[in-house]
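Below: the structure, in structure tokens.
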2 protein chains.
Amino acid sequence: MASDQTRSAILAAAERLYADRGFGDVTLRDIVAEANVNLAAVNYHFGSKDELIAELFVTRSIQTNRERLNELKAAEEKGGGRASIEDIMRALVGPTLRGCLGPDREGSTAARFMIRASIESVPPIRRIKNREVDHLRKFAAAMRRAMPGRDDAELYWGLHFALAMAHHTIREKERLLRLSEGKCDLDDVRAIIDRVVTVSVMALTMNDVPSKPALRPVVVHGRLTRQDL
Amino acid sequence: MASDQTRSAILAAAERLYADRGFGDVTLRDIVAEANVNLAAVNYHFGSKDELIAELFVTRSIQTNRERLNELKAAEEKGGGRASIEDIMRALVGPTLRGCLGPDREGSTAARFMIRASIESVPPIRRIKNREVDHLRKFAAAMRRAMPGRDDAELYWGLHFALAMAHHTIREKERLLRLSEGKCDLDDVRAIIDRVVTVSVMALTMNDVPSKPALRPVVVHGRLTRQDL
DNA sequence: GATAGTTTCATACAAATGTTTGAAAAGCAA
DNA sequence: TTGCTTTTCAAACATTTGTATGAAACTATC
């Protein structure tokens, strides 16, 4: 069928344009011009502009989520059913960072598209992102198995901070590059993942804190003290 | 002059509407209706819609930045010219978190506006945010004084991660609340600041890493080992 | 090769939106 | 008041945008 051809052309053109110029700047007319198809084709094949954007985003999200879960499963098998907290963190932030960072950024339209999606936050994407919670729960469950007895809130904060560092690095990589005047190497993805994982595990294994009183900093006079888990 | 009155009414109405409904959903006609002024008044007083948004954002940014620098200066005076790394981190993330989180969120239109600005990232605001680097350099300088001899890149990564945790907590507080089923207390701002500062300082004082090889995780088998600075 | 279903196309539609205009109103100094 | 500037106002402008339409072209099945 030639119809699939048109569909694919639209998807590819849209992803490329959105990746390059952002959601706000790209109109349906831009997309159909890039794809060499008729204006009406978008509504015919996707129903609406928002549904086109949604399809682009879910496709890429599913890919990332699958990678994450594969890594998680591999880590669990390696550990005989129970993955280490470090491997779990690595499975959580690795795929995203590997997909969106690195020197070969120019080749990957998908990566640049996901970065845009992370920065601009347009309605159809926001709606989908809300479902991401279910996906994250699987990681929370794995973390609970890896750190039994640990307070649940601590687990969630650790998960949250890990995502914070990963996503913020993707979102603000230009700024960090400029701020550090190139001293932070944003191309060494392996090192960045190690760094994020290390800090995340540290945050998670910090000090065991009694449930009620607020977590108190364990740092005194710029010096670090801690008790093991 | 009644002109200032109109100006202020527009600013107040715009901030309220943007805070409540986001930038994408609010038109100039919505704003002038809320402010009870004429449609043309916006262009007369601000030149354009984008300049109105920009003015809103710079006003609030200046406030936050001033608070940050005040805290930083206080910390430096307290330490006799050299602030501790912990106090620096606190000055960096404290004002933002205090401004945007907490149970009295309903009262503060400004806070909700800044959260929106952090989530939606509209062009006029993006342009301004680029200038934020100069502001952050002051904190980098303070950090360098607090941790002399430390590798610059490590400093920037620490600064970057601190902002990551703070901003991501603001951006995704709804998701974290839902993910943790309320177990993470997003109202206890004091505790959140402590938590972010603690992890930030940990990340900064981690292990001293030789400059060339990539930072290697110091966590082995889910167990934490570290060497002091 | 006729027919039914699918896809493409040019064009039109309709609504929204930021901006401009030119006159009226208000403020203010002489 | 008079004359000037500043501000307000209703209305119109000019685009841009996503979407809908109906006919034409194409495809496949019988």
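Below, all heavy atoms of this structure are taken into account, side chains as well, without hydrogens, waters or symmetry copies. In this text the structure is predicted, and so the values were computed from the model without any measurement. Chain naming here is simple, since letters A, B, ... match the order of the sequence lines and numbering starts at 1 in each.
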Reckon [X] has a side-chain N or O less than 4.0 Å from the OP1 or OP2 of [N]?
X       : N      : result
A:Asn38 : C:dA10 : yes
A:His45 : C:dT6  : no
A:Thr6  : C:dT8  : yes

[X] [atom1] to [N] [atom2], straight-line distance once rounded to whole Å:
X       : N      : atom1 : atom2 : value
A:Asp4  : C:dT7  : CG    : P     : 8 Å
B:Ile53 : C:dG18 : CD1   : P     : 9 Å
A:Ile10 : D:dG18 : CD1   : P     : 13 Å
A:Tyr44 : C:dA10 : OH    : P     : 17 Å
A:Asn43 : C:dT11 : CG    : C1'   : 14 Å
B:Gln5  : C:dG27 : CD    : P     : 10 Å
A:Arg7  : C:dT8  : CZ    : P     : 11 Å
A:Ile31 : D:dT19 : CD1   : C1'   : 14 Å

### Selection from C:dT21, C:dC9, D:dT19 that lies nearest to any side-chain heavy atom of A:Ala40
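So the side chain of A:Ala40 is nearest to C:dC9.
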Report the residues that fulfil side chain to side chain contact (heavy atoms under 4.5 Å, CB included) with [X], sequence neighbours left out, ordered by chain and then residue number.
X       : answer
B:Asp30 : B:Leu17, B:Arg21, B:Val26, B:Thr27
A:Arg66 : A:Ile62, A:Gln63, A:Asn70
A:Glu71 : A:Ala91, A:Pro95, A:Arg98

### Query
Between B:Arg171 and A:Ser121, does any side-chain donor sit less than 3.5 Å from a side-chain acceptor?
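No pair is found: no donor N or O on one side chain lies under 3.5 Å from an acceptor on the other.
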### Task
Indicate the ring-plane relationship of A:His135 and A:Phe139, choosing parallel, tilted or perpendicular according to the 30° and 60° boundaries.
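A:His135 vs A:Phe139 ring planes: perpendicular.
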What N/O pairs connect the protein and nucleotides 12-17 of chain C at under 3.5 Å? Give each pair on its own line.
none

### Message
According to ring-ring contact (aromatic ring centres under 6.0 Å, His included), who are the partners of A:His167, at least two apart in sequence or on a separate chain?
### Response
B:His168
### Task
Just grab all the salt bridge (Lys or Arg N to Asp or Glu O under 4.0 Å) pairs involving residues 41-57 of chain A, residues at least two apart or on different chains.
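Those involving residues 41-57 of chain A are A:Arg7-A:Glu55, A:Asp50-A:Arg127.
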